[in-house]
Amino acid sequence: MTIRVQQADFDIGVELAALTQGNPGIGGVCCFTGLVRDLHPQADEQAGTVCALTLEHYPGMTERQLAAIEAEARARWPLEACLIIHRYGRMEPGENIVLVACASAHREAAFDACRFLMDWLKSKAPFWKLEETCRGTRWVASRHSDEEAARRWDQPAG
Amino acid sequence: MTIRVQQADFDIGVELAALTQGNPGIGGVCCFTGLVRDLHPQADEQAGTVCALTLEHYPGMTERQLAAIEAEARARWPLEACLIIHRYGRMEPGENIVLVACASAHREAAFDACRFLMDWLKSKAPFWKLEETCRGTRWVASRHSDEEAARRWDQPAG
Amino acid sequence: MIKLLYFAWLRSKIGLAEEELALPPGISDVAGLIAHLQTRGAGYADALSNLAVVKVAVNQEYVPFSHPVAPGDEVALFPPVTGG
Amino acid sequence: MIKLLYFAWLRSKIGLAEEELALPPGISDVAGLIAHLQTRGAGYADALSNLAVVKVAVNQEYVPFSHPVAPGDEVALFPPVTGG
């Protein structure tokens, strides 16, 4: 059960190998990676191409909130291992921003927990994206659909 | 859009890097890895610990069926890239069996498509597992829940 | 002639991975072919005793037991799959 | 004293990442604190002009505007998050 908030990039292969190493009870790992896109998320043609993203966060609160939601995921699903890495600082298109991986005996729990963590992270983890385009910089607006996605999990699945 | 049926192991980090390389339109990658567990899936205590699994498949039909379902996933979701690797032959606990990865601009499509492919693969791809335990070998029985999981996708999501 | 393929425990019970078969007269679908195979010996009869757990592919596509079978076809019989 | 933290465009508009503030008499909750901050200058007024897009954490936990504020608290104001 690992949480890391860091500037440095991560190596997905190394991280996943460490996650499953020595636990032959793991039958499946679901992993999500978020990357910097060169297109503006609101599909606003005037915005132009994104040449970089700077991720700001709230040190202290970030780790605390990630630890709380990771504990929640472990309480809801039978997870064998869990990993959250979120980067901050300046990144260019194609670079990794976030990695969430959940390992379980069966795939259903791994998929559900991973998606739960990503939905939550998108709507509650204190990170903010500043976009650089050829026209200057601007703060990315939050997506309504991200809050809706997180609300899906307010009631445990039936 | 890559499909591989192979005896050799794969390197998840290398595969995912190749999948996203040079496409800055990718915002998220959902990836699932299936591993050999040392516990019998039916939780039958008499079965004992699994010391190895041999995956048999139907060469020709496997690739044909994987290609068809991958095309179906691409028709249903806006995927930027897609990868399916399934191993056959003898493997020990902790080894990788299967890798499915789906890349899209947004995470929802990546998660849905990856889960669709895994559900389908579990219920339709012509692979069979022969387990070796201390008491001998036996063919793994199919899970009813896998067929149910695949049927969920018979109707496109509303 | 048709080509028959057997996988997993159907292969073990029948004792063959594949064989060529001259389609007997009057057999035109999967159901008829299976009924014929059941008469070919104890291994076949055992392997094909519970058809609820036998899946069929003709020319590498899943088909129901009512599907036609014709010379030149590749017919595979196997248990429900357990990959992934 | 309370510690105030501002993030993203709240930080840019206010022109500060953090500051210490002696809690003025009569202010006991987040809503009161924000009303006070709005009077501290054009940057603050601009940053806090639309409270529908201002989130608050007290001591690193999300709270509603009705949440109490007391000396020693760390109060953070920021826009809806956009990480992941």
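Computed over heavy atoms, backbone and side chain alike; hydrogens, waters and symmetry mates excluded. Letters A, B, ... mirror the listed sequences (proteins, then strands); counts begin at 1.
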Return yes if some donor-acceptor pair links the side-chain N/O of C/Thr82 with the main-chain N/O of B/Lys129 below 3.5 Å, else return no. yes
Between B/Leu55 and chain C, with a heavy-atom cut-off of 4.5 Å, which part of the residue counts as in contact: side chain, backbone, both or neither? side chain
Got a sec: does the CD of C/Glu20 have more than 12 other heavy atoms crowding it under 6.0 Å? yes
Would you say that C/Tyr62 contacts B/Gln65 through its side chain, given a criterion of any heavy-atom pair below 4.5 Å between the two side chains? yes
Taking all non-hydrogen atoms of both residues into account, name the closest pair between C/Val81 and B/Ser142 and its distance. O-CB, 3.7 Å
Mind checking what makes salt bridge (Lys or Arg N to Asp or Glu O under 4.0 Å) contact with C/Glu19, not counting sequence neighbours? C/Arg40
Just so I understand: if I count every heavy-atom pair under 4.5 Å between each of C/Lys55, C/Gln60, C/Glu74 and chain B, which residue has the most? C/Gln60
Side-chain touch C/Arg11/B/Glu56, heavy atoms, less than 4.5 angstrom: yes
Could you tell me whether a side-chain N or O of B/Trp128 sits under 3.5 Å from a main-chain N or O of C/Phe7, the two making a donor and an acceptor? no
Contacts of B/Arg64 meeting side-chain hydrogen bond (donor to acceptor under 3.5 Å, both in side chains) (sequence neighbours excluded), chain-then-number -> C/Glu61
What are the two closest heavy atoms between C/Ala76 and B/Tyr58, and how far apart are they? CB-CE1, 3.3 Å
For C/Ala57 against B/Met61, the heavy-atom pair lying closest together: CB-SD, 3.5 Å
